[in-house]
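Not measured: the values here are computed from a predicted model.
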2 protein chains.
Amino acid sequence: MTERTPTEAARDIPEATVARLPVYLRALTSLAESGTPTCSSEELASAAGVNSAKLRKDLSYLGSYGTRGVGYDVEYLRYQIAREIGVTHDWPVVIVGIGNLGHALANFSGFRSRGFRVVALLDADPGRHSEQVAGIDVRPFRDLATIVAEQGVAIGVISTPAHAAQDVADAMVAAGITSILNFAPQVLSVPEGVDVRKVDLSIELQILAYHQQRKASAVEGAVLHAPGDAGGADDLDGRLEAPA
Amino acid sequence: MTERTPTEAARDIPEATVARLPVYLRALTSLAESGTPTCSSEELASAAGVNSAKLRKDLSYLGSYGTRGVGYDVEYLRYQIAREIGVTHDWPVVIVGIGNLGHALANFSGFRSRGFRVVALLDADPGRHSEQVAGIDVRPFRDLATIVAEQGVAIGVISTPAHAAQDVADAMVAAGITSILNFAPQVLSVPEGVDVRKVDLSIELQILAYHQQRKASAVEGAVLHAPGDAGGADDLDGRLEAPA
DNA sequence: TAGATTGTTAATCGATTAACAATC
DNA sequence: TAGATTGTTAATCGATTAACAATC
């Protein structure tokens with residue numbers, strides 16, 4: 001079942017490109033706010049932190065929205081990308097798990113400005129149901145299905161502890177949610193047709209640590225920035241490879 | 001200057017593999033905690049949410065840590081991966097920007113258990129310097145260089161508003177930090193040799209929205225989960241492509 | 001027209017995957 | 001030895017990049 005309707009098949013945008021469209025959108029919004037009416041692929045690429053060949057290739061999947069010899073109309077291109085992503089209208093979103101991270105997410109102002117609207121905050125802990133966060137009442141987790149149905153919610157955010165995440169995901173899927181953003185450090189299993197993206201703080205830090213370790217061991221002999229306590233030049237064995 | 005020392009050149013692990021090692025590490029930790037002494041590539045792959053061919057290929061870059069016909073010793077492989085990533089020792093980390101997100105990050109328990117230790121919380125706002133967050137004093141941003149030098153900090157986390165992020169990054173680089181995790185929705189420019197990874201909530205949501213939109217338009221005619229207010233069947237034009 | 005810049009081509013590079021020989 | 005499972009090969013797939021023809 002990889003078949004799609006003809007209308008869709010016409011535009012098969014590579015995943016890597018899809019992941020960059022929001023970056024271009026932000027760069028264009030920023031250019032528009034600073035009053036720039038047009039820009040070249042070179043300028044936009046630089047604002048987005050990619051090279052211009054990649055940018056032009058990416059945009060070519062959407063259509064021909066530039067003018068040769070001139071560049072792109074910032075406002076026009078911004079709208080075309082927003083439309084392609086699907087953020088010309090707000091998406092209603094629910095957040096489940098209103099701990100520290102849930103608080104931060106609920107207060108995140110970038111939601112509203114970038115195509116999303118938090119319609120409900122849910123938590124299984126009755127102790128939190130008296131609270132208001134970012135002006136929104138925290139409601140019981142069991143209200144999920146009702147809220148999803150009433151508000152037409154398609155996107156759910158999970159910011160619970162790891163051990164609760166799969167149950168929350170199951171409930172979301174049962175309620176009709178088909179896109180999940182998961183902040184819990186837990187691999188989720190969901191039926192086909194449901195998209196899950198994960199944001200994982202400690203994974204990102206570990207990727208940095210890997211590269212950092214290589215930088216440190218490149219300066220062999222002079223051990224700079226050794227991890228561990230300031231006093232600890234001990235215990236370094238095992239981190240550096242044995243000399244040949 | 002792509003030359004490396006001979007010791008390093010021996011092990012050139014693809015970036016995609018590096019990004020998955022922390023996932024394997026977590027799966028192994030979880031298996032170890034549940035008392036599982038050994039596992040096959042099939043079992044570990046399933047726990048990590050990848051297919052077993054990819055897992056074995058990934059592990060082959062580290063060495064031969066399994067036993068044919070038997071599988072992997074969970075504890076042994078866990079240690080080998082931790083060593084490869086560089087998290088057999090804690091890395092001291094500073095967090096700059098103690099707003100809602102900074103609070104959540106400071107309180108994040110996964111830091112300690114996964115190879116990181118928050119040694120300082122910094123904020124430019126004097127109003128926050130009286131606070132304690134997660135048992136750590138919030139200190140003035142200008143103390144950055146001193147703290148980095150004293151504690152041997154190599155990794156910095158930016159959780160400021162977008163407009164402050166570049167200045168913070170510049171100060172981090174000047175202080176000697178060479179790995180940055182950026183939560184601010186802002187493209188950072190840093191000198192060569194400094195690694196930046198970004199975590200961007202609204203980008204992740206927009207990627208989900210893109211796919212969600214396609215799912216919705218696949219059910220043409222019956223418009224389910226239309227974004228926008230519950231009452232709004234208006235304003236749908238522009239989101240669906242014109243029929244052929 | 002001359003200069004500038006897009007959109008596209010084609011080559012290269014890196015990642016994924018299935019299959020299976022090696023070997024416990 | 002027979003069965004199981006790794007580590008590796010090779011084919012395929014997708015992403016990146018430079019170069020340039022098209023064209024404003």
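At distances below 3.5 Å, not a single donor-acceptor pair connects side-chain atoms of Ser159(B) with backbone N or O atoms of Ala184(B). A donor-acceptor contact shorter than 3.5 Å is absent between the side chain of Glu204(B) and the backbone of Leu201(B).
Rounded to whole Å, the distance from CD on Glu15(B) to P on dC13(C) is 18 Å. We find that CD1 of Ile13(B) is positioned 15 Å from P of dG14(C), with the value rounded to whole Å. A straight line from CG of Asn51(A) to P of dA18(D) spans 6 Å, rounded to a whole angstrom. Atom CZ in Arg20(A) sits roughly 12 Å away from atom C1' in dG14(D) (whole-Å rounding). For the pair Asp58(B) CG and dA15(C) P, the computed distance is 10 Å after rounding to whole Å.
If you check dT5(D) for Watson-Crick or wobble pairing at under 3.5 angstrom, you find it paired to dA22(C). dT17(D): Watson-Crick or G-U partner is dA10(C), with both key distances under 3.5 Å.
The closest side-chain donor-acceptor pair between Asp195(A) and Ser179(A), if any, does not fall under 3.5 angstrom.
To the nearest 0.5 Å, atom CZ of residue Arg214(B) and atom CG of residue Asp12(A) are 6.0 Å apart. Note that OH of Tyr79(A) and CZ of Arg83(A) are 6.0 Å apart. Values are rounded to the nearest 0.5 Å.
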Check nucleotides 4-8 of chain C against the protein and report each pair of N or O atoms closer than 3.5 Å, with its distance, or say if there are none.
{"residue": "dT5(C)", "atom": "O4'", "partner": "Gly69(A)", "partner atom": "N", "Å": "3.1"}
{"residue": "dT5(C)", "atom": "O2", "partner": "Gly69(A)", "partner atom": "N", "Å": "3.3"}
{"residue": "dT6(C)", "atom": "OP1", "partner": "Ser41(A)", "partner atom": "N", "Å": "2.4"}
{"residue": "dT6(C)", "atom": "OP2", "partner": "Ser41(A)", "partner atom": "OG", "Å": "2.6"}
{"residue": "dT6(C)", "atom": "O2", "partner": "Arg68(A)", "partner atom": "NH1", "Å": "3.2"}
{"residue": "dG7(C)", "atom": "OP1", "partner": "Tyr65(A)", "partner atom": "N", "Å": "3.4"}
{"residue": "dG7(C)", "atom": "OP1", "partner": "Gly66(A)", "partner atom": "N", "Å": "2.9"}
{"residue": "dG7(C)", "atom": "OP1", "partner": "Gly66(A)", "partner atom": "O", "Å": "3.4"}
{"residue": "dG7(C)", "atom": "OP2", "partner": "Tyr72(A)", "partner atom": "OH", "Å": "2.8"}
{"residue": "dG7(C)", "atom": "O4'", "partner": "Arg68(A)", "partner atom": "NH2", "Å": "3.1"}
{"residue": "dG7(C)", "atom": "N7", "partner": "Arg56(A)", "partner atom": "NE", "Å": "2.9"}
{"residue": "dG7(C)", "atom": "O6", "partner": "Arg56(A)", "partner atom": "NE", "Å": "3.2"}
{"residue": "dG7(C)", "atom": "O6", "partner": "Arg56(A)", "partner atom": "NH2", "Å": "3.0"}

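With sequence neighbours left out, the side-chain hydrogen bond (donor to acceptor under 3.5 Å, both in side chains) criterion links Asp200(A) to Ser202(A), Arg26(B).
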